[in-house]
Number of protein chains: 2
Amino acid sequence: MSKGACGHEGEAAGLAGRALDAALSEAGVRVAAADERLTDSRRRVLELLLEAGGPVKAYDLIAAYGQGGAKPPTVYRALEFLERLGFAHRLESLNAYVACPRSGEVHAAAFLICQCCGATAEIEPEVSAGVEVAAEAHGFELRGLTLEARGLCGACR
Amino acid sequence: MSKGACGHEGEAAGLAGRALDAALSEAGVRVAAADERLTDSRRRVLELLLEAGGPVKAYDLIAAYGQGGAKPPTVYRALEFLERLGFAHRLESLNAYVACPRSGEVHAAAFLICQCCGATAEIEPEVSAGVEVAAEAHGFELRGLTLEARGLCGACR
DNA sequence: GAGTCCCTTGTTACGGTATAACGTTTTGGG
DNA sequence: CCCAAAACGTTATACCGTAACAAGGGACTC
(Lines give C-alpha, C1' and ligand atoms only; values in the text may rest on other atoms or scores of the structure.)
Protein backbone atom coordinates (compact mmCIF):
# COMPACT_ATOMS: atom_id res chain seq x y z
CA MET A 1 0.00 0.00 0.00
CA SER A 2 1.32 3.39 -0.91
CA LYS A 3 0.43 6.87 0.09
CA GLY A 4 -2.82 8.12 -1.22
CA ALA A 5 -4.23 4.71 -1.99
CA CYS A 6 -7.08 4.74 0.47
CA GLY A 7 -8.93 7.96 -0.12
CA HIS A 8 -8.24 9.55 3.22
CA GLU A 9 -5.41 11.79 2.12
CA GLY A 10 -7.23 15.08 2.49
CA GLU A 11 -7.58 14.99 6.23
CA ALA A 12 -4.60 16.93 7.47
CA ALA A 13 -6.00 20.17 8.85
CA GLY A 14 -3.64 23.10 8.78
CA LEU A 15 -4.03 26.46 10.36
CA ALA A 16 -5.75 29.37 8.67
CA GLY A 17 -6.97 32.88 9.40
CA ARG A 18 -6.81 33.99 13.01
CA ALA A 19 -5.25 30.78 14.30
CA LEU A 20 -2.48 31.09 11.73
CA ASP A 21 -1.86 34.73 12.56
CA ALA A 22 -1.75 33.91 16.23
CA ALA A 23 0.75 31.09 15.71
CA LEU A 24 3.00 33.29 13.61
CA SER A 25 2.89 36.13 16.04
CA GLU A 26 3.60 33.74 18.88
CA ALA A 27 6.55 32.44 16.90
CA GLY A 28 7.81 35.98 16.48
CA VAL A 29 7.84 36.43 20.22
CA ARG A 30 9.74 33.26 20.88
CA VAL A 31 12.26 33.96 18.15
CA ALA A 32 12.93 37.37 19.65
CA ALA A 33 13.29 35.79 23.07
CA ALA A 34 16.00 33.55 21.61
CA ASP A 35 17.78 36.65 20.29
CA GLU A 36 17.18 35.64 16.71
CA ARG A 37 15.24 37.22 13.86
CA LEU A 38 12.09 35.96 12.18
CA THR A 39 12.85 37.35 8.76
CA ASP A 40 10.45 37.41 5.83
CA SER A 41 11.61 34.16 4.28
CA ARG A 42 11.65 32.33 7.61
CA ARG A 43 8.20 33.61 8.44
CA ARG A 44 6.87 32.69 5.02
CA VAL A 45 8.17 29.11 5.19
CA LEU A 46 6.76 28.65 8.68
CA GLU A 47 3.45 29.98 7.43
CA LEU A 48 3.40 27.43 4.61
CA LEU A 49 4.20 24.60 7.00
CA LEU A 50 1.47 25.64 9.41
CA GLU A 51 -1.07 26.00 6.64
CA ALA A 52 -0.26 22.55 5.32
CA GLY A 53 -0.84 20.90 8.68
CA GLY A 54 1.33 17.97 7.68
CA PRO A 55 4.55 16.98 5.96
CA VAL A 56 5.59 19.11 3.00
CA LYS A 57 8.37 18.49 0.52
CA ALA A 58 11.00 21.17 0.22
CA TYR A 59 10.31 21.70 -3.45
CA ASP A 60 6.62 22.12 -2.78
CA LEU A 61 7.54 24.90 -0.37
CA ILE A 62 9.74 26.39 -3.06
CA ALA A 63 6.90 26.30 -5.55
CA ALA A 64 4.29 27.61 -3.10
CA TYR A 65 6.47 30.35 -1.72
CA GLY A 66 4.81 32.96 -3.88
CA GLN A 67 5.93 35.67 -6.28
CA GLY A 68 6.96 32.99 -8.71
CA GLY A 69 8.50 30.85 -6.02
CA ALA A 70 11.82 31.01 -4.26
CA LYS A 71 15.22 29.60 -5.00
CA PRO A 72 16.17 26.40 -3.19
CA PRO A 73 18.78 27.92 -0.87
CA THR A 74 16.24 30.43 0.41
CA VAL A 75 13.87 27.73 1.55
CA TYR A 76 16.54 25.34 2.83
CA ARG A 77 18.06 28.11 4.91
CA ALA A 78 14.70 28.92 6.39
CA LEU A 79 14.07 25.25 7.16
CA GLU A 80 17.43 24.93 8.84
CA PHE A 81 16.60 27.91 11.01
CA LEU A 82 13.15 26.61 11.91
CA GLU A 83 14.57 23.23 12.83
CA ARG A 84 17.29 24.79 14.92
CA LEU A 85 14.76 26.72 16.94
CA GLY A 86 12.33 23.84 17.23
CA PHE A 87 9.57 25.20 14.98
CA ALA A 88 9.84 22.40 12.46
CA HIS A 89 11.21 18.92 12.03
CA ARG A 90 12.59 17.04 9.10
CA LEU A 91 11.05 13.64 8.46
CA GLU A 92 14.05 11.68 7.26
CA SER A 93 12.13 8.78 5.86
CA LEU A 94 9.94 11.04 3.71
CA ASN A 95 12.41 13.77 2.77
CA ALA A 96 9.79 16.18 4.05
CA TYR A 97 9.33 18.84 6.68
CA VAL A 98 6.57 19.44 9.17
CA ALA A 99 5.69 22.24 11.58
CA CYS A 100 6.11 21.23 15.18
CA PRO A 101 2.99 21.30 17.32
CA ARG A 102 5.15 22.12 20.33
CA SER A 103 6.74 25.02 18.49
CA GLY A 104 9.58 26.82 20.01
CA GLU A 105 10.49 24.28 22.61
CA VAL A 106 13.60 22.43 21.50
CA HIS A 107 13.14 18.71 21.94
CA ALA A 108 13.70 15.30 20.39
CA ALA A 109 11.17 14.34 17.77
CA ALA A 110 9.20 11.15 17.38
CA PHE A 111 6.55 10.53 14.75
CA LEU A 112 3.86 8.15 13.66
CA ILE A 113 3.59 8.35 9.88
CA CYS A 114 0.61 6.92 8.04
CA GLN A 115 1.73 5.05 4.92
CA CYS A 116 -1.70 5.45 3.42
CA CYS A 117 -2.75 9.07 3.82
CA GLY A 118 0.56 10.66 4.78
CA ALA A 119 -0.74 12.09 8.03
CA THR A 120 1.73 12.38 10.85
CA ALA A 121 1.36 12.54 14.60
CA GLU A 122 4.16 13.76 16.80
CA ILE A 123 4.42 11.68 19.93
CA GLU A 124 6.30 12.18 23.16
CA PRO A 125 10.01 11.41 22.98
CA GLU A 126 9.86 9.79 26.39
CA VAL A 127 8.65 6.68 24.65
CA SER A 128 12.20 6.11 23.56
CA ALA A 129 13.90 6.87 26.81
CA GLY A 130 15.40 3.38 26.79
CA VAL A 131 17.77 4.55 24.09
CA GLU A 132 19.65 6.54 26.66
CA VAL A 133 20.38 3.38 28.56
CA ALA A 134 21.59 1.62 25.43
CA ALA A 135 23.76 4.58 24.48
CA GLU A 136 25.30 4.63 27.94
CA ALA A 137 26.03 0.92 27.69
CA HIS A 138 27.93 1.54 24.44
CA GLY A 139 29.87 4.49 25.84
CA PHE A 140 27.99 6.69 23.42
CA GLU A 141 27.22 10.33 24.10
CA LEU A 142 23.69 11.03 22.92
CA ARG A 143 23.08 14.31 21.12
CA GLY A 144 19.97 13.89 19.06
CA LEU A 145 17.34 11.39 18.16
CA THR A 146 15.11 10.60 15.21
CA LEU A 147 12.28 8.14 15.63
CA GLU A 148 9.87 7.50 12.80
CA ALA A 149 7.24 4.80 12.95
CA ARG A 150 5.39 3.74 9.82
CA GLY A 151 1.96 2.21 9.73
CA LEU A 152 -1.70 3.02 9.38
CA CYS A 153 -3.56 5.77 11.17
CA GLY A 154 -6.98 5.20 12.69
CA ALA A 155 -8.82 6.64 9.71
CA CYS A 156 -6.99 4.44 7.21
CA ARG A 157 -7.16 1.11 9.02
CA MET B 1 31.71 18.96 14.60
CA SER B 2 31.29 17.05 11.40
CA LYS B 3 32.13 13.59 10.28
CA GLY B 4 35.81 12.90 9.91
CA ALA B 5 36.94 15.77 12.08
CA CYS B 6 38.49 13.79 14.89
CA GLY B 7 40.84 11.33 13.25
CA HIS B 8 39.04 8.19 14.29
CA GLU B 9 37.31 7.57 11.02
CA GLY B 10 39.25 4.50 9.99
CA GLU B 11 38.02 2.21 12.72
CA ALA B 12 35.08 0.43 11.18
CA ALA B 13 36.22 -3.15 10.68
CA GLY B 14 34.53 -4.98 7.88
CA LEU B 15 34.71 -8.63 7.04
CA ALA B 16 37.33 -10.16 4.79
CA GLY B 17 38.63 -13.50 3.64
CA ARG B 18 37.16 -16.54 5.33
CA ALA B 19 34.76 -14.59 7.54
CA LEU B 20 33.36 -12.82 4.50
CA ASP B 21 32.98 -16.06 2.60
CA ALA B 22 31.25 -17.63 5.54
CA ALA B 23 28.84 -14.74 5.91
CA LEU B 24 27.97 -14.80 2.24
CA SER B 25 27.46 -18.50 2.19
CA GLU B 26 25.32 -18.27 5.30
CA ALA B 27 23.29 -15.56 3.57
CA GLY B 28 22.80 -17.84 0.60
CA VAL B 29 21.33 -20.47 2.86
CA ARG B 30 18.89 -18.10 4.50
CA VAL B 31 17.84 -16.59 1.21
CA ALA B 32 17.08 -20.04 -0.13
CA ALA B 33 15.14 -20.82 3.02
CA ALA B 34 12.99 -17.78 2.31
CA ASP B 35 12.34 -19.09 -1.18
CA GLU B 36 14.21 -16.22 -2.78
CA ARG B 37 17.34 -16.03 -4.88
CA LEU B 38 20.71 -14.55 -4.01
CA THR B 39 21.63 -13.44 -7.50
CA ASP B 40 25.01 -12.11 -8.57
CA SER B 41 24.15 -8.45 -8.11
CA ARG B 42 22.50 -9.03 -4.73
CA ARG B 43 25.44 -11.09 -3.57
CA ARG B 44 27.93 -8.52 -4.79
CA VAL B 45 26.19 -5.63 -3.03
CA LEU B 46 25.94 -7.60 0.20
CA GLU B 47 29.63 -8.42 -0.12
CA LEU B 48 30.48 -4.73 -0.47
CA LEU B 49 28.40 -3.83 2.56
CA LEU B 50 29.99 -6.56 4.68
CA GLU B 51 33.49 -5.56 3.59
CA ALA B 52 32.84 -1.96 4.49
CA GLY B 53 31.74 -2.78 8.01
CA GLY B 54 29.81 0.45 8.23
CA PRO B 55 27.47 2.76 6.38
CA VAL B 56 28.06 3.05 2.64
CA LYS B 57 26.51 5.47 0.20
CA ALA B 58 24.61 3.99 -2.72
CA TYR B 59 26.83 5.70 -5.26
CA ASP B 60 29.93 4.37 -3.56
CA LEU B 61 28.49 0.90 -4.00
CA ILE B 62 27.79 1.72 -7.62
CA ALA B 63 31.39 2.84 -8.11
CA ALA B 64 32.90 -0.06 -6.21
CA TYR B 65 30.76 -2.70 -7.80
CA GLY B 66 33.49 -3.67 -10.21
CA GLN B 67 33.81 -4.16 -13.95
CA GLY B 68 33.54 -0.43 -14.36
CA GLY B 69 30.75 -0.13 -11.85
CA ALA B 70 27.06 -0.80 -12.12
CA LYS B 71 24.09 1.30 -13.13
CA PRO B 72 22.05 2.85 -10.31
CA PRO B 73 18.95 0.65 -10.70
CA THR B 74 21.04 -2.48 -10.35
CA VAL B 75 22.34 -1.43 -6.98
CA TYR B 76 19.11 0.08 -5.72
CA ARG B 77 17.24 -3.09 -6.60
CA ALA B 78 19.77 -5.16 -4.73
CA LEU B 79 19.54 -2.87 -1.72
CA GLU B 80 15.76 -3.09 -1.73
CA PHE B 81 16.02 -6.86 -1.73
CA LEU B 82 18.59 -6.95 1.06
CA GLU B 83 16.46 -4.64 3.17
CA ARG B 84 13.36 -6.67 2.55
CA LEU B 85 15.07 -9.82 3.77
CA GLY B 86 16.75 -8.14 6.70
CA PHE B 87 20.34 -8.29 5.47
CA ALA B 88 20.75 -4.54 5.34
CA HIS B 89 19.23 -1.34 6.61
CA ARG B 90 18.93 2.11 5.20
CA LEU B 91 20.13 4.89 7.49
CA GLU B 92 17.65 7.61 6.65
CA SER B 93 19.57 10.42 8.24
CA LEU B 94 22.74 9.60 6.31
CA ASN B 95 21.30 8.45 2.99
CA ALA B 96 23.45 5.38 3.45
CA TYR B 97 23.13 1.64 3.79
CA VAL B 98 24.65 -0.78 6.23
CA ALA B 99 24.85 -4.56 6.53
CA CYS B 100 22.84 -5.87 9.40
CA PRO B 101 24.77 -7.71 12.09
CA ARG B 102 21.70 -9.84 12.74
CA SER B 103 21.42 -10.71 9.09
CA GLY B 104 18.46 -12.58 7.85
CA GLU B 105 16.21 -12.04 10.80
CA VAL B 106 13.62 -9.44 9.94
CA HIS B 107 13.35 -6.88 12.69
CA ALA B 108 13.00 -3.22 13.53
CA ALA B 109 16.23 -1.28 13.32
CA ALA B 110 17.76 1.09 15.82
CA PHE B 111 21.14 2.76 15.47
CA LEU B 112 23.67 4.86 17.30
CA ILE B 113 25.50 6.97 14.71
CA CYS B 114 28.74 8.74 15.56
CA GLN B 115 28.75 12.26 14.15
CA CYS B 116 32.51 12.32 14.28
CA CYS B 117 33.79 9.08 12.74
CA GLY B 118 30.66 7.81 11.09
CA ALA B 119 30.67 4.50 12.93
CA THR B 120 27.33 2.94 13.66
CA ALA B 121 26.15 0.47 16.24
CA GLU B 122 22.90 -1.37 15.87
CA ILE B 123 21.10 -1.64 19.17
CA GLU B 124 18.16 -3.68 20.29
CA PRO B 125 14.78 -2.42 19.15
CA GLU B 126 13.29 -3.25 22.53
CA VAL B 127 14.66 0.06 23.72
CA SER B 128 11.83 1.72 21.86
CA ALA B 129 9.07 -0.62 22.90
CA GLY B 130 7.21 2.32 24.39
CA VAL B 131 6.35 3.41 20.89
CA GLU B 132 3.92 0.55 20.66
CA VAL B 133 2.00 1.98 23.57
CA ALA B 134 1.90 5.44 22.01
CA ALA B 135 0.79 4.01 18.68
CA GLU B 136 -1.98 2.09 20.36
CA ALA B 137 -3.13 5.23 22.13
CA HIS B 138 -3.40 6.99 18.77
CA GLY B 139 -5.27 4.13 17.14
CA PHE B 140 -2.26 3.61 14.93
CA GLU B 141 -1.29 0.24 13.49
CA LEU B 142 2.48 -0.08 13.72
CA ARG B 143 4.26 -1.64 10.76
CA GLY B 144 7.84 -0.51 10.90
CA LEU B 145 10.18 1.61 12.90
CA THR B 146 13.30 3.66 12.29
CA LEU B 147 15.30 4.94 15.21
CA GLU B 148 18.52 6.81 14.65
CA ALA B 149 20.44 8.42 17.48
CA ARG B 150 23.23 10.86 16.75
CA GLY B 151 26.13 11.60 19.03
CA LEU B 152 29.70 10.60 19.79
CA CYS B 153 31.01 7.08 20.08
CA GLY B 154 33.38 6.05 22.85
CA ALA B 155 36.48 6.47 20.70
CA CYS B 156 35.54 9.99 19.61
CA ARG B 157 34.49 11.45 22.93
C1' DG C 1 28.68 59.73 10.07
C1' DA C 2 32.12 56.58 8.58
C1' DG C 3 33.89 52.35 9.33
C1' DT C 4 33.34 47.70 10.58
C1' DC C 5 31.48 43.32 11.76
C1' DC C 6 28.31 39.73 11.37
C1' DC C 7 24.22 37.81 9.97
C1' DT C 8 21.15 37.22 6.24
C1' DT C 9 20.01 37.13 1.57
C1' DG C 10 20.28 36.60 -3.80
C1' DT C 11 22.06 34.06 -7.57
C1' DT C 12 24.29 30.68 -10.37
C1' DA C 13 25.60 26.46 -10.88
C1' DC C 14 26.37 21.92 -9.66
C1' DG C 15 26.54 17.25 -7.36
C1' DG C 16 24.31 13.53 -5.03
C1' DT C 17 20.11 10.59 -4.62
C1' DA C 18 16.68 7.81 -6.57
C1' DT C 19 13.21 6.13 -9.82
C1' DA C 20 10.28 5.72 -14.30
C1' DA C 21 9.73 3.19 -18.19
C1' DC C 22 11.03 0.14 -21.42
C1' DG C 23 12.57 -4.11 -23.48
C1' DT C 24 15.23 -8.47 -22.64
C1' DT C 25 16.80 -12.43 -20.15
C1' DT C 26 16.44 -16.02 -16.85
C1' DT C 27 14.02 -19.19 -14.04
C1' DG C 28 10.99 -22.63 -12.56
C1' DG C 29 6.55 -25.03 -13.23
C1' DG C 30 3.03 -27.28 -16.04
C1' DC D 1 8.38 -27.22 -24.96
C1' DC D 2 5.85 -23.20 -23.49
C1' DC D 3 4.36 -19.94 -20.39
C1' DA D 4 4.26 -16.67 -16.53
C1' DA D 5 6.77 -14.44 -13.05
C1' DA D 6 10.88 -12.62 -11.49
C1' DA D 7 15.09 -10.42 -12.28
C1' DC D 8 18.04 -7.70 -15.09
C1' DG D 9 20.05 -4.03 -18.48
C1' DT D 10 19.62 0.47 -20.32
C1' DT D 11 18.39 5.16 -21.05
C1' DA D 12 16.79 8.95 -19.41
C1' DT D 13 15.03 11.96 -16.12
C1' DA D 14 13.18 13.70 -11.79
C1' DC D 15 14.06 14.96 -7.22
C1' DC D 16 16.86 16.62 -3.20
C1' DG D 17 20.26 19.48 -1.36
C1' DT D 18 24.50 22.41 -1.21
C1' DA D 19 28.89 25.05 -2.73
C1' DA D 20 30.53 29.32 -3.66
C1' DC D 21 30.53 34.09 -3.96
C1' DA D 22 28.62 38.67 -4.23
C1' DA D 23 25.64 41.91 -2.03
C1' DG D 24 22.39 43.95 1.48
C1' DG D 25 21.45 45.66 6.08
C1' DG D 26 21.34 46.38 11.01
C1' DA D 27 24.06 47.26 15.27
C1' DC D 28 28.06 48.84 17.26
C1' DT D 29 32.12 51.73 17.96
C1' DC D 30 34.95 55.62 17.35
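In what follows, every chain begins at residue 1, and chains take the letters A, B, ... in the order their sequences are listed. Computed from heavy atoms alone, side chains included, the values below leave out hydrogens, waters and symmetry copies.
Contact check, K71(B) against dT10(D): a side-chain N or O comes under 4.0 Å of OP1 or OP2. Of the side-chain N and O atoms in T74(B), one or more sit less than 4.0 angstrom from OP1 or OP2 of dG9(D). Side-chain N/O atoms of S41(B) include one lying less than 4.0 angstrom from OP1 or OP2 on dC8(D).
Residue-to-nucleotide proximity on DNA chain C shows that, of P73(A) and L94(B), the 5′-proximal contact is made by P73(A). Between N95(B) and F81(B), it is F81(B) whose nearest contact on DNA chain D lies nearer the 5' terminus. Heavy-atom nearest nucleotides on DNA chain D were determined for T39(B) and for Y59(B), and the one closer to the 5' end corresponds to T39(B).
At the heavy-atom level, Y97(A) lies under 4.0 Å from the strands shown only through sugar-phosphate atoms. Heavy atoms of E80(B) sit nowhere under 4.0 angstrom from any nucleic acid atom.
Side-chain atoms of R77(B) come within donor-acceptor range of the base of dG9(D), with a qualifying N/O pair under 3.5 Å.
Within the 3.5 Å criterion, the main-chain N or O of S93(B) finds a donor-acceptor partner in the side chain of E148(B). Side chain of R150(B) to main chain of C114(B): no donor-acceptor pair is present (N/O by atom type, distance under 3.5 Å, no hydrogens or angles). When atom types are taken as modelled, the side chain of K57(A) and the backbone of L94(A) share a donor-acceptor pair closer than 3.5 angstrom.
Proximity of F87(B) to L46(B): side-chain heavy atoms (C-beta onward) are separated by under 4.5 Å at one or more points.
Whole-Å rounding puts the Y76(B) OH to dC16(D) P distance at 13 Å. Taking atom CD on E83(A) and atom C1' on dG17(D), their separation rounds to 13 Å, with Å as the unit. Rounded to a whole Å, the CD atom of E92(B) is 14 Å from the P atom of dC16(D). Atom CG of L61(A) and atom P of dC15(D) are 15 Å apart (whole Å). I62(A) has its CD1 atom 14 Å from the C1' atom of dA14(D), to the nearest Å. Between R37(B) atom CZ and dC8(D) atom C1' there is a gap of 10 Å when expressed in whole angstrom units.
Between the side chains of T146(A) and R90(A), no donor-acceptor pair of N or O atoms lies under 3.5 Å.
The side chain to side chain donor-acceptor pair (under 3.5 Å) search around E80(A) returns none, not counting sequence neighbours.
Note that the first and last nucleotides of DNA chain C, 5' to 3', having any atom under 4.0 angstrom from a heavy atom of chain B are dT17(C) to dT27(C).
Between E26(B) and R30(B), at least one side-chain nitrogen of the basic residue sits less than 4.0 Å from a carboxylate oxygen of the acidic one, meeting the salt-bridge criterion.
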